[in-house]
Protein chains: 2
Amino acid sequence: MNKIKVVQIGIGPLGQKITQFIAQREGIEVVGAVDVSPELIDKDLGEVCGLDSMDIKIQSSTTKCIESMKPDAVILTTVSSMEKITPQIEKIVSYNIPVVSTCEELSYPWNTSQSLSERIDRAAKSKQVAVLGTGVNPGFLMDSLPTFLTSVCQDVQKIIVDRIQDAAFRRIPFQEKIGAGLTLEQFENKKKKDTLRHVGLSESIHLIASRMGWKLTKVEDILVPVIAEREIKTAAMRIPVGYAAGVQQIGKGYIDDNEKIILVFKASVGESNPRDSIEIQGTPTIKSIIEGGVNGDIATCAITINALKQIIHAQPGLRTMTDIPVVSFFC
Amino acid sequence: MNKIKVVQIGIGPLGQKITQFIAQREGIEVVGAVDVSPELIDKDLGEVCGLDSMDIKIQSSTTKCIESMKPDAVILTTVSSMEKITPQIEKIVSYNIPVVSTCEELSYPWNTSQSLSERIDRAAKSKQVAVLGTGVNPGFLMDSLPTFLTSVCQDVQKIIVDRIQDAAFRRIPFQEKIGAGLTLEQFENKKKKDTLRHVGLSESIHLIASRMGWKLTKVEDILVPVIAEREIKTAAMRIPVGYAAGVQQIGKGYIDDNEKIILVFKASVGESNPRDSIEIQGTPTIKSIIEGGVNGDIATCAITINALKQIIHAQPGLRTMTDIPVVSFFC
């Protein structure tokens with residue numbers, strides 16, 4: 001089989017890791033790269049990504065790069081919001097090129113951004129290509145994987161997903177991002193600036209509900225600090241008792257007063273039982289646990305690459321992880 | 001949305017349970033039923049299935065039933081072998097009707113029955129409908145679910161799936177089926193008659209391998225007794241030490257001397273740690289465990305029903321669980 005040729009748009013930390021991963025794969029190759037940041041433009045993609053030179057200069061113009069390279073697909077790792085990504089996608093699909101993006105809000109935007117979703121869907125259908133937002137979360141662990149697990153159920157009453165991470169082993173910027181080491185007052189200030197929030201719980205809830213046929217009457221997404229119950233020391237910081245050790249975000253989807261979907265995303269330094277667990281309450285009830293949890297950085301890059309194979313042949317339009325054929329690793 | 005109208009062909013124990021399940025669902029209804037067994041023909045489907053009368057007489061002729069009822073899909077629960085099911089499927093799809101079947105060999109028949117697979121694929125494509133073989137195993141726990149779990153992997157070296165069941169809580173015919181209570185000599189005789197074997201390990205191995213892009217050089221499927229290490233008593237039987245308590249079947253897919261896929265299916269009376277576990281060895285390594293395991297009877301009926309929604313809109317041809325969109329429960 002011919003290699004899948006991709007252009008990468010967005011060469012930040014996530015885009016760089018994807019370039020590194022693709023370099024290790026046989027079935028795919030990067031043929032072009034685009035970024036708007038002045039310190040990246042005209043640099044060699046391989047060198048920027050800590051690899052050998054790749055003879056690919058990072059360009060500033062999506063249009064020129066796509067026109068000259070004619071890729072099979074674009075990997076788009078630029079922004080998290082539907083508002084910003086919609087015109088970027090419209091430009092790419094206008095060249096009949098399918099798109100896989102890590103944009104969190106794109107994972108299931110039909111409820112949260114209906115008119116932008118319709119714009120993307122129309123543009124993609126008119127050019128007979130598919131567009132997908134994916135990642136480990138949203139995109140897999142808290143939505144499409146629990147959805148697939150319900151396939152063996154005759155009845156589903158409630159779905160509970162916990163993604164519990166120990167941030168002690170993550171990069172220091174990640175520990176800071178989740179508010180570890182802050183006083184509760186500092187945590188509240190950071191929360192107000194909206195820099196603590198993980199984007200995607202609402203999208204995951206809407207994806208699951210749409211598949212179950214549940215018409216939710218309320219969706220909430222509540223963020224609270226995880227408070228250190230004992231002193232915690234890491235290489236980078238000391239967290240006194242009563243300070244924030246991290247963040248807990250709880251998303252819930254209701255039908256009237258019934259909690260139908262509960263998603264708990266918790267990341268804190270010193271968390272004792274990291275795991276990804278999914279409980280389907282129904283007939284039968286199923287509880288699936290991945291002890292230790294799935295490494296988010298690797299997983300998001302991998303699933304973005306792995307989705308390429310399905311998205312190239314998928315039905316045209318704005319797709320989600322549950323309306324394309326099962327994504328998997330491939331050589 | 002309109003209800004999905006199905007004709008059921010095959011009203012044995014599995015078909016009956018599917019009828020019961022469909023009766024509890026809002027989105028589907030049975031509009032016709034076919035079976036060849038004289039004691040079922042002309043009986044009321046509901047009464048045969050332990051339900052209220054359904055005003056559906058079980059018919060002997062597939063042709064007449066489909067022609068008069070014009071269903072959206074057929075659920076086919078008749079036989080396990082590709083050789084026997086191929087003409088049945090050809091007949092159904094000739095009326096432009098998609099098929100979901102519990103036929104184990106149909107779950108991934110491309111390697112084990114290539115020419116019959118091509119016959120079904122051709123027939124289905126010529127009538128623009130899809131055909132699917134599914135079930136809990138093969139169809140989900142040991143093939144499509146592990147395949148989906150690899151979607152977050154940058155690399156996969158080996159896949160190990162264990163389905164370990166405690167038969168103490170299953171029906172007595174199931175305990176007898178797995179050879180519980182037999183001497184090892186009796187077990188060997190039963191094994192020779194091929195009545196102990198679970199059909200589907202090879203199909204699951206081939207499905208996984210095709211998705212990973214692995215060209216296997218050898219596939220084996222070995223069956224041995226589980227030997228009672230202590231005396232086991234159930235309501236139905238006493239199993240002395242050294243007798244068979246059940247069956248263990250190990251399927252392996254190799255590339256040269258490397259074991260790439262190992263599937264262990266074990267069902268015995270008194271098994272201490274029943275579970276469904278999946279280990280993906282790669283980057284990252286993932287181990288997912290469903291403690292207690294998934295109830296096979298419920299799951300096979302449920303997934304057959306749940307697949308209907310995807311198969312009606314799937315791309316035409318002989319499909320498998322990984323080349324249709326993610327199957328899930330729906331109301």
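In what follows, chains carry the letters A, B, and so on, assigned in the order in which the sequence lines appear, proteins first and then strands, with residues in each chain numbered from 1.
- Residues of residues 206-216 of chain B lying under 4.5 angstrom from chain A, judged on non-hydrogen atoms, are B:R211, B:M212, B:G213, B:W214 by number.
- When A:R319, A:R25, A:Q24, A:M321 are compared by the number of non-hydrogen pairs under 4.5 Å with chain B, A:R25 comes out ahead.
- Heavy-atom pairs under 4.5 Å with chain A peak, among B:I305, B:D155, B:T285, B:V136, at B:D155.
- Of the atoms belonging to A:I289, heavy atoms from both backbone and side chain fall under 4.5 Å from chain B.
- For the atom pair CZ of A:F330 and OG of B:S151, the computed distance is 11.5 Å after rounding to the nearest 0.5 Å.
- Scanning both residues, B:S144 and A:F148, for their nearest heavy atoms gives OG-CZ, 3.5 Å.
- Put simply, of B:T300, B:I298, B:I280, the one with the most heavy-atom pairs under 4.5 Å next to chain A is B:I298.
- Side chain of B:Q154 to main chain of A:A302: no donor-acceptor pair is present (N/O by atom type, distance under 3.5 Å, no hydrogens or angles).
- Atom CG of A:N295 is separated from atom CD1 of B:I286 by 9.5 Å, given to the nearest 0.5 angstrom.
- Residues A:D323 and B:V326 are not in side-chain contact: their nearest non-hydrogen atoms beyond the backbone lie 4.5 Å or more apart.
- Under a 3.5 Å cut-off, the side chain of B:T147 and the backbone N or O of A:S328 do not form any donor-acceptor pair.
- Within the 4.5 angstrom heavy-atom criterion, atoms from both the backbone and the side chain of A:T283 approach chain B.
- With a 4.5 Å cut-off on non-hydrogen atoms, A:E26 does not touch chain B at all.
- With B:N306 contributing its side chain and A:C153 its backbone, the two residues share a donor-acceptor pair below 3.5 Å.
- Scanning both residues, B:I290 and A:S288, for their nearest heavy atoms gives CG1-CB, 3.8 Å.
- The OG1 atom of A:T150 sits 9.5 Å away from the CD1 atom of B:I303 when rounded to the nearest 0.5 Å.
- Contact between A:F140 and B:L149 at its shortest, heavy atoms only, is CZ-CA, 4.0 Å.
- Between chain A and the residues B:T304, B:V294, B:V327, the largest count of heavy-atom pairs under 4.5 Å involves B:V327.
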